[in-house]
Amino acid sequence: MDYLNGLNEPQYEAVTTLQGPLMVLAGAGSGKTRVLTMRIAHLITNGVDPFQILALTFTNKAAKEMKERIAKVVGNSNARSLWMGTFHSVFARILRSEAHYLGYPSNFTIYDTQDSLNVLKKVLKELNIDSDLYKPKKVQSRISAYKNNLITVNAYYNNPEVMEADERANMKHMGQIYQKYVEQCFKNGAMDFDDLLLRTNELLTRFPEVLAKYQDRFRYILVDEYQDTNHSQYLIVKALSSKFENICVVGDDAQSIYSFRGANIYNILNFKKDYPDAKTVSLEQNYRSTQNIVNAANVVIAKNKAQFPKNVFSDNEIGDKIKVYRSLSDADEANFVANNIWEQHNTHQRKFTDFAILYRTNSQTRAFEDALRRKNIPYRVYGGLSFYQRKEIKDLVAYLRILVNENDNEALMRIINYPARSIGETTQNKLIVFADSQNVRVVDVLNNLGQYAPQLGLNNGVIAKLADFWSMIKAFQVMLKTENAYTVAMEVAQRSGLIKFLKDDQTPEGISRVENVQELMNSMQGFIDEQKQLEDGDPSLSSFLENIALSTDQDKKSENEDQVSLMTIHLSKGLEFPVVHLVGLEENLFPSFMSSSTREELEEERRLFYVALTRAEKQVFFSYAISRFQWGKITDAEPSRFLSEIDAEYLEFVNPAVTEKKVFNRSGLTSDIFGDFSEPKFVKKEPKKTFNAPESTIQPKNLKPVASARIINPSGGSSQDIEVGDRVRHDRFGVGEVIFLDGTDPENIKAKVKFATEGEKNLILKFAKLTKI
DNA sequence: CGTTAGGAAGACGAA
DNA sequence: CTTCCTAACG
């Protein structure tokens, strides 16, 4: 049992308490993952069948890593039979095998947020509901809230409270919309993310024999990140564990950051009420960060009211103070960060992977990408528009989805005329209207085209096109019975005309789309190979589709490349980095303007701040800008209140040096710049245009990132200095050389460029979108 | 039927 | 600024 060596006292207790309810309050960096893995290993070495252990993690990547670590202690075959994964993936798997209870096909499609939004938009249109009053996103989040609170359509109509709330919000048609949306998803054989949990609850409550089966199987249940579970997840865990009560939850109330998607911090705060016999263990020693970082984080989080009292501490070195950098603009901030990383890389022997840039919103990435790219610093952006949300990927995936579940009307309508095959809007509408009138699905009409054709009111040419299209799909389906998923997908990509269509577009965007499709094919091949090696692996197409539907950005494996990580704070949960740049510390950005109205919202923002801070091992850099380019114009900003919540003793203000003096030579300003956060008024007096240096007025497109082809979000738009003699690319005129620059007003600099093919052109830099090459 | 230009509206976080 | 949607044209 040498794996127990080296655990501290509370860790040891958490690992060796195997029976009964247990709550482990694990502060940031307190060795939580280690405790979880060792506890599972300990269960197995004490004779528990791994098959009877269910471990719910926050990401699939975490599950995978934990399994590997467990395997090292108890061996591969033992670790393999563990049930381990996210709520969504574990219960999707269970729902597939029990789908018949609910009237669902076992090959149901999983709709992501985008898919479900599309369904909703159609529902709103069909019901003739004004989408100005009923913003699809708003409607979607309300429906999500119903589902997460187990308010089914029936329950909705029996719940005057909720109905009244909707009426007060001027949304009295919500019930109608909700019902239609659920019906449509059911008809499509599809579940959205919330359904995976809601339907699991339905399964467990309506069918006692199913509940009993899984209660008996999962005798030991562990839940990681318990503070971020929602009501629906809470009930699933409660139901499954109620027989044996061997339930171990691990979490940190100070790190609850997902209430916007229904997470309920009271699940963890009230654990003792649910299980009065529960034992509580607190892991308070932080092994990750310096004392300075831990102390600063403690000071901030102490401002929150709703939390367990705790005393997180570090025995590590005291460490550097947190450096605070005040910048003039978002571009300036990005330059500071890039310079800083560059310098530390060169002088302190740090690898690029040691650095993380954490921000509140995805839209902040661009400035940093530009700055890093200009310095040739390799980086990788996590999150944002994820790979699988790209249009070209969704298009190909829609074809594949149809093969697995032809009832998936969303997928069908997406591809029926893509690439264009003359099945236009009019035809599509006729199909839909007709299918509705016959109370069948569009796919049923296609399957019985001969029978229905006379009634459709379409001419023979169009009918032939429909028949062609559908026989192609049918051929793919037949092929799928004998060939593997990769072969079929390749055939689909080619025969559907998708690849050809994409290849016709020779713009850099078009080329990258083809590469993306190629990348999807590669990842599919990789998935198949991986699954084949697993004893219980499933290399089928439907398995692949489920995998990508539930994949997270963290799940994508890093290539072991030396790259700076860029991500939102939400995505950084559970990760750690030697050096963290926490950027955009401004009021209305962080805390977000959407979340500063109530105390609850503000406390969550503060927890988010806490999470960001505690990602760092050695060094933290804060930065904020006093003006920022957003919504197409420059906006003034004040420093975030979180900065003023940290005692000055933990902070150090960095001199912003040259840029500042260049722009501000007015006396007095530079001297008190770092003084007073509480008096932001002088910030507002700053002249706005001064920040608009030439670099921010040039917006070249299609900059190829130097980092690598793996960058998730390589869309262009950047700023850079252009000088006489530079070689540049213009969207229309091609490549040329800058021969003359004219003008001092940054808004209005003209450039004379000699193009190879087009001759000399006078261009206004602001509009010309030149790319330096 | 398909493409494109132009206008309106949208932006916090994400399985 | 970007994305989405509609209107007009080819």
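In what follows, chains carry the letters A, B, and so on, assigned in the order in which the sequence lines appear, proteins first and then strands, with residues in each chain numbered from 1. The structure displayed is predicted, hence computed values, not measured ones. Both backbone and side-chain heavy atoms feed into the values below; hydrogens, waters and symmetry mates do not.
Partners of T426(A) according to the side-chain contact (heavy atoms from CB on, under 4.5 Å) rule, which considers only residues two or more places apart in sequence or in another chain, do not exist here. Under the ring pair (Phe, Tyr, Trp, His ring centres under 6.0 Å) criterion, Y111(A) pairs with no residue, sequence neighbours left out. For F577(A), there are no ring pair (Phe, Tyr, Trp, His ring centres under 6.0 Å) partners at least two apart in sequence or on another chain. Residues passing the ring pair (Phe, Tyr, Trp, His ring centres under 6.0 Å) test with Y610(A), sequence neighbours excluded: none. Residues passing the side chain to side chain donor-acceptor pair (under 3.5 Å) test with D112(A) are K394(A), sequence neighbours excluded. Scored by the side chain to side chain donor-acceptor pair (under 3.5 Å) test, N405(A) finds T109(A) as partners (sequence neighbours excluded). Every ring pair (Phe, Tyr, Trp, His ring centres under 6.0 Å) that F260(A) has, sequence neighbours left out, goes to Y258(A), H570(A). For N547(A), the side chain to side chain donor-acceptor pair (under 3.5 Å) test picks out no residue, with sequence neighbours left out. Partners of S597(A) under the side chain to side chain donor-acceptor pair (under 3.5 Å) rule, at least two apart in sequence or in another chain, are E601(A).
Nucleotides dA11(B) and dT6(C) place their C1' atoms 22 Å apart, quoted to the nearest Å.
For I634(A) and dC1(C), the CD1 to P distance is 11 Å, given to the nearest whole Å. Remark: C1' of dC4(C) and CD of Q389(A) are 16 Å apart, rounded to the nearest angstrom. Going from atom CZ of R390(A) over to atom C1' of dT3(C) covers 15 Å, rounded to whole Å. Atom NZ of K573(A) and atom P of dA15(B) are 11 Å apart (whole Å). Distance, Y418(A) OH to dC1(B) P: 19 Å, rounded to whole Å. For the pair L117(A) CG and dT3(C) P, the computed distance is 16 Å after rounding to whole Å. D330(A) places its CG atom 13 Å from the P atom of dC1(C), with the value rounded to the nearest Å.
Closest contact between the side chain of T427(A) and the listed nucleotides dC1(C), dC1(B), dA15(B) involves dC1(B).
Looking at D228(A) and K573(A), a side-chain N of the basic residue comes within less than 4.0 Å of a carboxylate O on the acidic one, giving a salt bridge.
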Output one line per pair: protein atom, nucleotide atom from nucleotides 5-9 of chain C, and distance, for all N/O pairs under 3.5 Å.
residue, atom, partner, partner atom, Å
dC5(C), OP1, K121(A), NZ, 3.4

Heteroatom pairs (N/O) under 3.5 angstrom, protein to nucleotides 2-5 of chain B:
residue, atom, partner, partner atom, Å
dG2(B), OP1, S422(A), N, 2.6
dG2(B), OP2, N417(A), ND2, 3.0

Protein-nucleotides 7-14 of chain B N/O pairs closer than 3.5 Å?
residue, atom, partner, partner atom, Å
dG10(B), OP1, K135(A), NZ, 2.6
dA11(B), OP1, K137(A), NZ, 2.4
dA11(B), N7, W631(A), NE1, 3.0
dC12(B), O2, R360(A), NH1, 3.0
dC12(B), O2, R360(A), NH2, 2.1
dC12(B), N3, S595(A), OG, 3.2
dG13(B), OP1, N362(A), N, 2.3
dG13(B), OP1, N362(A), ND2, 3.4
dG13(B), O4', R360(A), NH1, 3.4
dA14(B), OP1, T568(A), OG1, 2.9
dA14(B), OP2, N362(A), ND2, 3.2

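Residues E586(A) and S640(A) bring no donor and acceptor atom of their side chains to less than 3.5 Å of each other.
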